[in-house]
Amino acid sequence: TERSYVMIKPDGVQRGLVGEIISRFERKGFTIKGLKLFSCPAALAEEHYKDLSSKPFYPKLVKYITSGPVVCLALEGPGVVASARKLIGVTNPLQAEPGTIRGDLGIETGRNVIHGSDSPENGEREIALWFKEGELC
Ligand code: ATP
Ligand code: MG
């Protein structure tokens, strides 16, 4: 079955939104296969977002993701990649629909609370990047 890598970014953790966010995925019906609080080294943030390395905001993005602990989630279920992106909302929280995580809980693209994999291939790539074998159920 399909898996997605979902990550509550440092602003979401700092603002105390972890329970609120995880409960949305639980209520939707996806299975949690991995879950941890983690202080991400810069090299991992750089690897995770390597496709964006030529963007002007890339250094800021790496700083943001390493600015405090993140919550790493491996979610499983049919269509979980697209569905999680739908629950999360579009990149800019000001444009994200009310009812989505970003639409309800954020106001800045540079602090948009949460990440979700954009394809099943990237879901597997990112889960392998952020979790060790023994950390997954
Ligand atoms: P994510 O990959 O984190 O789930 P996304 O797929 O909606 O987000 P991407 O285009 O992959 O969006 O960008 C990755 C992240 O980089 C965004 O979530 C945001 O934190 C940051 N980002 C994207 N565009 C900008 C921008 N113009 N200015 C500042 N930060 C940006
Ligand atoms: Mg993305």
Side-chain angles (χ1 to χ4, degrees):
T1 39
E2 191 171 303
R3 296 192 299 177
S4 179
Y5 177 66
V6 168
M7 176 169 71
I8 305 173
K9 295 178 179 178
D11 54 321
V13 176
Q14 276 156 16
R15 290 172 57 207
L17 300 173
V18 170
E20 156 83 33
I21 291 169
I22 291 177
S23 75
R24 293 187 182 212
F25 293 106
E26 286 189 305
R27 269 167 21 204
K28 178 69 178 166
F30 293 121
T31 305
I32 299 174
K33 304 294 282 186
L35 171 59
K36 66 178 177 183
L37 186 68
F38 183 60
S39 292
C40 161
L44 180 53
E46 286 165 5
E47 175 66 20
H48 174 82
Y49 281 123
K50 69 177 177 196
D51 290 353
L52 300 174
S53 60
S54 63
K55 302 281 185 186
F57 58 80
Y58 180 73
K60 259 196 189 162
L61 175 57
V62 171
K63 250 193 190 163
Y64 162 47
I65 297 299
T66 57
S67 65
V70 296
V71 169
C72 309
L73 282 153
L75 298 179
E76 185 177 273
V80 64
V81 167
S83 179
R85 297 274 289 186
K86 220 167 188 180
L87 292 176
I88 287 168
V90 297
T91 308
N92 181 346
L94 291 180
Q95 277 153 21
E97 293 295 330
T100 65
I101 292 167
R102 287 171 176 161
D104 288 346
L105 304 175
I107 54 170
E108 283 181 66
T109 300
R111 291 173 64 82
N112 61 0
V113 185
I114 186 166
H115 160 80
S117 304
D118 60 12
S119 68
E121 295 69 35
N122 277 332
E124 292 307 317
R125 177 182 86 87
E126 292 168 1
I127 286 170
L129 202 56
W130 289 86
F131 286 100
K132 295 174 190 155
E133 191 88 11
E135 292 175 333
L136 295 165
C137 292

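From a predicted model like this one, the values you see are computed outputs, not experimental measurements. We count ligands from 1, going down the list as the structure has it; atoms in each ligand are counted the same way.
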Those atoms of ligand 1 less than 4.0 Å from some heavy atom in G116 = 4 (O)
Within reach of ligand 1, part of M7 (heavy-atom separation under 4.0 Å) = neither
ask   = Which residue and non-hydrogen atom of the protein lie closest to atom 9 (P) of ligand 1, and at what distance in Å?
value = L52 CD1, 4.2 Å
task = Give a yes or no on whether the backbone of E46 and the side-chain of Y58 come within a donor-acceptor separation of less than 3.5 Å.
result = yes
ask   = Looking only at heavy atoms, which two atoms of N112 and T91 are closest? And how far apart?
value = ND2-O, 3.1 Å
query = Under a 4.0 Å heavy-atom limit, does K9 contact ligand 1 with its side chain, its backbone, both, or neither?
reply = side chain
task = For ligand 1, indicate whether the residue I88 contacts it via side chain, backbone, both or neither (heavy-atom separation under 4.0 Å).
result = neither
request  = Could you say whether the N/O atoms of L61 and ligand 1 ever approach to under 3.5 Å?
outcome  = no
message = On a heavy-atom basis, I'd like to know which of H48, K60, H115, R102 is closest to atom 8 (O) of ligand 1.
response = R102
inquiry  = Can you report which non-hydrogen protein atom sits closest to atom 7 (O) of ligand 1, along with the distance?
reply    = T91 OG1, 2.6 Å
key: Residue of the set H48, K9, H115 for which side-chain contact (heavy atoms from CB on, under 4.5 Å) holds with I65   = K9
request  = Examine distances only and state if a side-chain atom of S117 and a backbone atom of V81 form a donor-acceptor pair shorter than 3.5 Å.
outcome  = no
note = With heavy atoms and a 4.0 Å threshold, my read on which part of N112 contacts ligand 1 is side chain
ask   = Just by distance, do the side chain of D104 and the backbone of P98 share a donor-acceptor pair under 3.5 Å?
value = no
query = Are L75 and I88 connected in the hydrophobic side-chain network, where two residues link if heavy atoms are under 4.5 Å apart?
reply = yes
request  = Kindly give the heavy-atom pair with the smallest separation between T66 and A45, and that separation in Å.
outcome  = CG2-CB, 4.0 Å
request  = Number the atoms of ligand 1 from 1 as they appear, then name those within less than 4.0 Å of a heavy atom of R85, with their elements.
outcome  = 4 (O), 5 (P), 6 (O)
request  = Compare every heavy atom of V113 with every heavy atom of Y64, then report the nearest pair and how far apart it is.
outcome  = OH-N, 3.4 Å
query = Which heavy atom of R85 sits nearest a heavy atom of G116, and at what distance?
reply = NH1-O, 3.1 Å
query = Counting only heavy atoms on the protein side, is anything nearer than 4.0 Å to atom 13 (O) of ligand 1?
reply = yes
ask   = Quick check: does Y49 get an N/O under 3.5 Å from an N/O on ligand 1?
value = yes
ask   = To which of F57, Y5, Y58 does the heavy atom nearest atom 23 (C) of ligand 1 belong?
value = F57
